[in-house]
Student: 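Have a look at this one before I ask anything.
Below, chain A is the first sequence line, B the second, and so on; all start at residue 1.
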Protein chains: 2
Amino acid sequence: MTDLTKFVGGCESCPIQHRAVCARCDADELDRLESIKYYRSFEAGQTIIWSGDRMEFVGSIVSGIASLTQTMEDGRTQMVGLLLPSDFVGRPGRDAATYDVVATTDVVMCCFRRKPFETMMVETPHIAQRLLEMTLDELDAAREWMLVLGRKTAREKIASLLSILGRRDAALNLAGQDQEMVFDLPLTREAMADYLGLTLETVSRQISALKKDGVIVLEGKRHVTVPDFQRLLDEAGDDCDGGMMA
Amino acid sequence: MTDLTKFVGGCESCPIQHRAVCARCDADELDRLESIKYYRSFEAGQTIIWSGDRMEFVGSIVSGIASLTQTMEDGRTQMVGLLLPSDFVGRPGRDAATYDVVATTDVVMCCFRRKPFETMMVETPHIAQRLLEMTLDELDAAREWMLVLGRKTAREKIASLLSILGRRDAALNLAGQDQEMVFDLPLTREAMADYLGLTLETVSRQISALKKDGVIVLEGKRHVTVPDFQRLLDEAGDDCDGGMMA
DNA sequence: ACCTAGAATTGATCTGGGTCAAGGATACTG
DNA sequence: CAGTATCCTTGACCCAGATCAATTCTAGGT
């Protein structure tokens, strides 16, 4: 269980304060939020919310990675969202969850009791404004992903995922652009397959192929080095940028 | 060119007034909107907005169907959204369009000049609230579609699309649930293929197969009858509902 | 150091849907 | 009412990625 005491100090030391749903709130508003908020942690693999369950809270990912997943009766599953620190979980105004939310790594969440949060959303435009912004970004990311799922080859899909993960990591670490890019894969091969609409065998084969071709260098199974990021983008089939992940 | 005079009467006679982004506005707010609004019509096949272009306006689809489309350099295209009457076009706060918007049928739009609209959004929470609601719905639809693109077979994809189009039509015509469902396909085979991540040949083959198996009855190439909607849902692989389209 | 279990790789084979190609069906135009 | 353009269907063949089946890594745990 992750130690939560380091967070209870309050919002002024919160690592996601500038990007989360509360980013625009002033001191008063943060005070009100504080009264309906609590922290929870989840271990890797644990399901945070089951699809169909009543949602008691909404909230933000503080640290770790979670995934939104949809499953058909016969077991086929598709990941429909990757939730990173500062991303918002839950849908105000809806009683029941529509997707499974699963902790991919250990996760700490900042939760708000749902009903009071919804009330507050009506009264404080700062929250709704920020949530709209974040939701529009997520919609863009989802649409970017529809192109990946619908039209890209397996190799392009892997390259797309790696470029997103790498870009995200670079943004976090403030790394320079042209230098070598290094990061750890936060996903298992199976999770990547669920994200990409592939089988885990195909994921494995394509990663091996990218390694053989020198597009990436692997150290162990998870540690990735990208010697030439532009090369990776070319492999992803992205004309220019390759889209963002919220 | 569609006759626009029937709309200039104002918002009180607008067919989408209860579902569009202005749905929550009171009379004063509608007056303000009126001052920055104008109607435009587009013919089937015409591109309403080009990806990368500066966006001069945002707005609502009043009648007709448009599609959001993404294209790779080599020509592969993926439809990432289907815009129906009352759906919102454009992203406030963004200068350049990220997708092509193409009129699938003849389309009439209610446009707002972008800059004044953005100003108004900050000042009148009713607009932002409604837009948030609509964006969340679209995000759900996009995620539903990711499952279709990533994990469903060609036959399931076609059945999914038909069930969405049928459901939408039924909602519009207030038809009873258990009776026969009849509607016209608003999309060409190629547009369906672009939506489903398939080729037009596969779309044609699967439609023929569904016809042969009695899941649907075709009259001409566009007029569809669904004798048993539950059967269609089963073919779509949807456990219960099959998801909504904004 | 050994044991176990999940994660990953790699090979062999199969198949759903893509590709290429040849017509049909409508509908508009002159 | 032929001429032609668009949309659609159908057939033959092929290949990317799925499926089935072993191994091989790697990280804990004892």
Student: Considering every strand and a 4.0 Å limit on heavy-atom distances, what is the contact class for Thr188(B): base, sugar-phosphate, or nothing?
Tutor: sugar-phosphate
Student: Specify the residue among Thr153(A) and Gly220(A) whose closest nucleotide of DNA chain D lies further upstream toward the 5′ end.
Tutor: Thr153(A)
Student: When you measure from the side chain of Arg205(B), which nucleotide among dA25(C), dT10(D), dG17(C) comes out closest?
Tutor: dT10(D)
Student: Hey, are Thr77(A) and Asp194(A) close enough side-chain-wise for a donor-acceptor pair under 3.5 Å?
Tutor: yes
Student: Where the side chain of Thr199(A) is defined as all heavy atoms beyond and including C-beta, which of dG17(D), dT9(C), dT19(D) is the nearest nucleotide?
Tutor: dT19(D)
Student: Arg155(B) near the nucleic acid: base, sugar-phosphate alone, or nothing, with a heavy-atom cut-off under 4.0 Å?
Tutor: nothing
Student: Could you work out which one of dA21(D), dT26(D), dT9(D) sits closest to the side chain of Leu218(B)?
Tutor: dT9(D)
Student: Do we see a donor-acceptor contact under 3.5 Å between the side chains of Ser160(A) and Ser163(A)?
Tutor: no
Student: Quick one: list whatever passes ring pair (Phe, Tyr, Trp, His ring centres under 6.0 Å) with Phe57(B), sequence neighbours left out.
Tutor: none
Student: Looking only at the side chain of Arg222(B) (C-beta and beyond, no hydrogens), which of the listed nucleotides dG18(C), dC20(C), dC7(D) gets closest?
Tutor: dC7(D)
Student: Please pick, from dT10(C), dG17(C), dC25(D), the nucleotide with the shortest atom-to-atom distance to any side-chain atom of Ser208(A).
Tutor: dT10(C)
Student: Can you check the Lys211(A) NZ to dA8(C) C1' distance for me, whole Å?
Tutor: 10 Å
Student: State whether Asp213(A) and Arg155(A) are salt-bridged, where the test is any N-O pair (Lys NZ or Arg NE/NH1/NH2 against Asp/Glu carboxylate O) under 4.0 Å.
Tutor: yes
Student: Reckon Arg189(B) has a side-chain N or O less than 4.0 Å from the OP1 or OP2 of dT9(D)?
Tutor: yes
Student: So what does Gly45(B) touch, heavy atoms closer than 4.0 Å: a base, only the sugar-phosphate, or nothing?
Tutor: nothing
Student: Regarding dC7(D), can its base be found pairing with the side chain of Glu190(B) as donor and acceptor, where the two atoms are less than 3.5 Å apart?
Tutor: no
Student: Are the charged groups of Asp140(B) and Arg94(A) less than 4.0 angstrom apart, N to O?
Tutor: yes
Student: Students often get this wrong, so: under 4.0 angstrom with heavy atoms, is Ser204(B) touching a base, only sugar-phosphate, or nothing?
Tutor: base
Student: Between dG18(C) atom P and Arg76(B) atom CZ, what is the distance in whole Å?
Tutor: 13 Å
Student: Mind checking Leu198(A) for me? I need base, sugar-phosphate or nothing, with any heavy atom below 4.0 Å counting as a touch.
Tutor: sugar-phosphate
Student: Checking only heavy atoms, does the side chain of Glu201(B) share a donor-acceptor pair with the base of dC20(C) at less than 3.5 Å?
Tutor: yes
